[in-house]
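Values below: all heavy atoms of this structure, side chains included; hydrogens, waters and symmetry mates excluded. Remember, it's 1-based here, ligands and their atoms both numbered in the order they're listed.
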Amino acid sequence: MDHPRNPIARTVAFCDRFGLRLPILLAPMSGACPPSLSIAVANAGGLGACGALMMSSDSLGEWVGEFRAGTNGPFQINLWIPDPPPARDLAREAAVRQFLAQFGPTPDVESAGLPDFGEQCEALLAAAPLVASSVMGLFPPAFVARLKAAGIAWFATATTVAEAKAAEAAGADAIIAQGMEAGGHRGCFDASRAELDLVGLVALVPAVADAVNIPVVAAGAIADGRGVAAALALGASAVQIGTGFLRCPEADIHPAWAGALARAAPEGTMLTRAFSGRAGRGLATRYTRAASAPDAPAPAPYPVQRGLTAAMRRAAAADGDVERMQAWAGQAAALARAEPAGDVARSLWADAQELLGAVP
Ligand SMILES: Cc1cc2nc3c(=O)[nH]c(=O)nc-3n(C[C@H](O)[C@H](O)[C@H](O)COP(=O)(O)O)c2cc1C
């Protein structure tokens with residue numbers, strides 16, 4: 001498929017194909033994407049998003065029911081492709097527990113259980129969203145065939161050109177190109193590469209757009225009209241925004257986290273494995289800085305580390321202490337606006353159109 005060279009024409013073609021009025025996708029954010037946020041973005045003409053990583057079939061069904069009661073707009077459901085079972089290292093886990101004890105309670109028995117991926121896939125098919133998105137790998141071929149038969153588009157997250165090409169070959173309908181600036185977990189197919197393959201969005205988007213024949217959605221530190229316009233000029237057909245929506249009232253994140261986002265310089269965020277065992281970008285805090293010190297124990301693999309830190313994360317939320325909270329943030333966190341999400345989505349697109357020389 002040939003994509004128009006003109007950014008506006010390319011964006012319009014994408015929006016027409018997927019029934020959107022704005023080329024703005026809410027990022028799926030596990031733990032931070034209540035239906036209210038998606039309803040606001042979908043009603044403004046963008047794509048809502050359910051980050052279903054931690055959801056059982058029942059909770060996924062409830063999310064979809066609530067979303068559909070608030071809008072007849074479109075949405076994506078996002079699933080993490082499971083990693084192979086982690087290698088356990090009890091000595092390392094004991095060292096992590098000891099380290100964590102400086103920051104709060106540690107669990108007697110870690111609770112790292114994740115919902116069953118096969119059941120999540122069935123619940124996704126039953127929910128019939130416009131889009132199913134993958135992260136951390138590719139959907140299995142049999143599931144891709146069932147998505148296609150059901151008319152559900154597959155958007156695959158990629159952090160490198162090689163991942164994007166593999167996703168296209170496996171049948172993806174669009175690539176979500178996630179730059180290393182992005183808030184939350186990095187979507188690397190191989191978890192061990194997360195700190196090695198650090199590709200920024202300005203290099204990733206044109207390289208992926210040149211390498212594949214399917215539309216590219218840019219994700220990572222896009223939070224105002226300048227970022228949207230730049231991503232589209234680089235070759236994207238749309239953008240996916242996470243942190244830029246986190247201060248909206250509908251996101252309902254902890255006020256301490258929302259307040260800290262407003263104060264975060266780009267260099268005030270860092271990649272860390274210290275919350276889950278997989279690398280993600282969050283605010284540089286007392287805990288994340290200490291955990292990256294040379295004398296700190298290496299985190300356990302995903303999802304063991306997630307279980308080990310669960311009690312500390314709960315205590316931090318109860319205390320309103322952002323220094324120990326799992327406070328994911330992209331490098332453009334300070335641009336996030338504390339305004340209704342629909343207004344944010346509409347004004348991002350209006351500003352981008354003006355910058356691109358199109359009259360909104
Ligand atoms: C709080 C939070 C949770 C996230 N959870 C997920 C997730 O469950 N699945 C996923 O594919 N991406 C997840 N992401 C990454 C986003 O999809 C997206 O790549 C990122 O938000 C883009 O960067 P930005 O936050 O700078 O806009 C998450 C991001 C944040 C900020």
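Screening residues 186-204 for salt bridge (charged side-chain N to carboxylate O under 4.0 Å, His left out), with sequence neighbours left out, gives R193-D197, E195-R273.
Contact check on R281 versus E181 returns no salt bridge, with no Lys/Arg side-chain nitrogen under 4.0 Å from an Asp/Glu carboxylate oxygen. Salt-bridge check for R324 with D319: passed, with a basic side-chain N closer than 4.0 Å to an acidic carboxylate O.
Take T243 and apply the side chain to side chain donor-acceptor pair (under 3.5 Å) test, not counting sequence neighbours, and it matches no residue.
L22 contributes atom CG, which lies 9.0 Å from atom CG of L348 (distance to the nearest 0.5 angstrom). Considering CZ of R17 and CG of D173, their distance stands at 5.5 Å, rounded to 0.5 Å. To the nearest 0.5 Å, the span separating CD1 on I241 from CG on L335 amounts to 10.5 Å. Atom-to-atom distance recorded for S133:OG and I152:CD1 is 12.0 Å, nearest 0.5 angstrom.
Of the candidates G227, G51, P28, G280, P28 brings a heavy atom nearest to atom 7 (C) of ligand 1. Which of T243, I241, L261 comes nearest to atom 24 (P) of ligand 1 through a heavy atom is settled by distance: it is T243.
With hydrogens and angles ignored, the 3.5 Å screen pairs a side-chain donor or acceptor of T285 with a backbone N or O of E323. Using a distance-only test at 3.5 Å, with no hydrogens or angles considered, no donor-acceptor pair links the side chain of E66 to the main chain of P35. Under a 3.5 Å cut-off, the side chain of E163 and the backbone N or O of F189 do form a donor-acceptor pair.
The shortest contact between atom 27 (O) of ligand 1 and any protein heavy atom is with G242 N, 2.9 Å. Remark: minimum distance from atom 4 (C) of ligand 1 to any protein heavy atom is reached at M29 CA, 3.4 Å. Atom 17 (O) of ligand 1 has its closest protein heavy atom at Q240 NE2, 3.4 Å. For atom 15 (C) of ligand 1, the closest non-hydrogen atom on the protein side is G183 O, 3.4 Å. The single protein non-hydrogen atom nearest to atom 19 (O) of ligand 1 is Q178 NE2, 3.1 Å, given as residue, atom name and distance.
The N/O atoms of Q331, backbone and side chain alike, include none that comes under 3.5 Å of an N/O atom in ligand 1. Note: no N/O pair closer than 3.5 Å links W257 and ligand 1 by distance alone. Ligand 1 has no N or O atom lying under 3.5 Å from any N or O atom of I222, backbone or side chain. Where the criterion is an N or O separation shorter than 3.5 Å, residue side chain and backbone included, E181 fails it with respect to ligand 1.
The ligand atoms of ligand 1 that sit less than 4.0 angstrom from a heavy atom of A27 are 16 (C), 17 (O), 18 (C), 21 (O). Near G330, meaning under 4.0 Å from one of its heavy atoms, ligand 1 places the atoms 26 (O). Atoms of ligand 1 lying under 4.0 Å from at least one heavy atom of A182, given by number and element, are 20 (C), 22 (C), 23 (O), 26 (O). For ligand 1, the atoms lying closer than 4.0 Å to a non-hydrogen atom of W80 are 7 (C), 8 (O), 9 (N).
Ligand 1 lies nowhere less than 4.0 angstrom from a heavy atom belonging to G187. Within the structure, ligand 1 has N78 among the residues with a heavy atom less than 4.0 angstrom away. Look at A221 and you'll find a heavy atom under 4.0 Å from some atom of ligand 1. F245 does not count as a contact of ligand 1, since none of its heavy atoms falls under 4.0 Å from the ligand.
Other residues, nucleotides and ligands place more than 12 heavy atoms under 6.0 Å from the CZ atom of R337.
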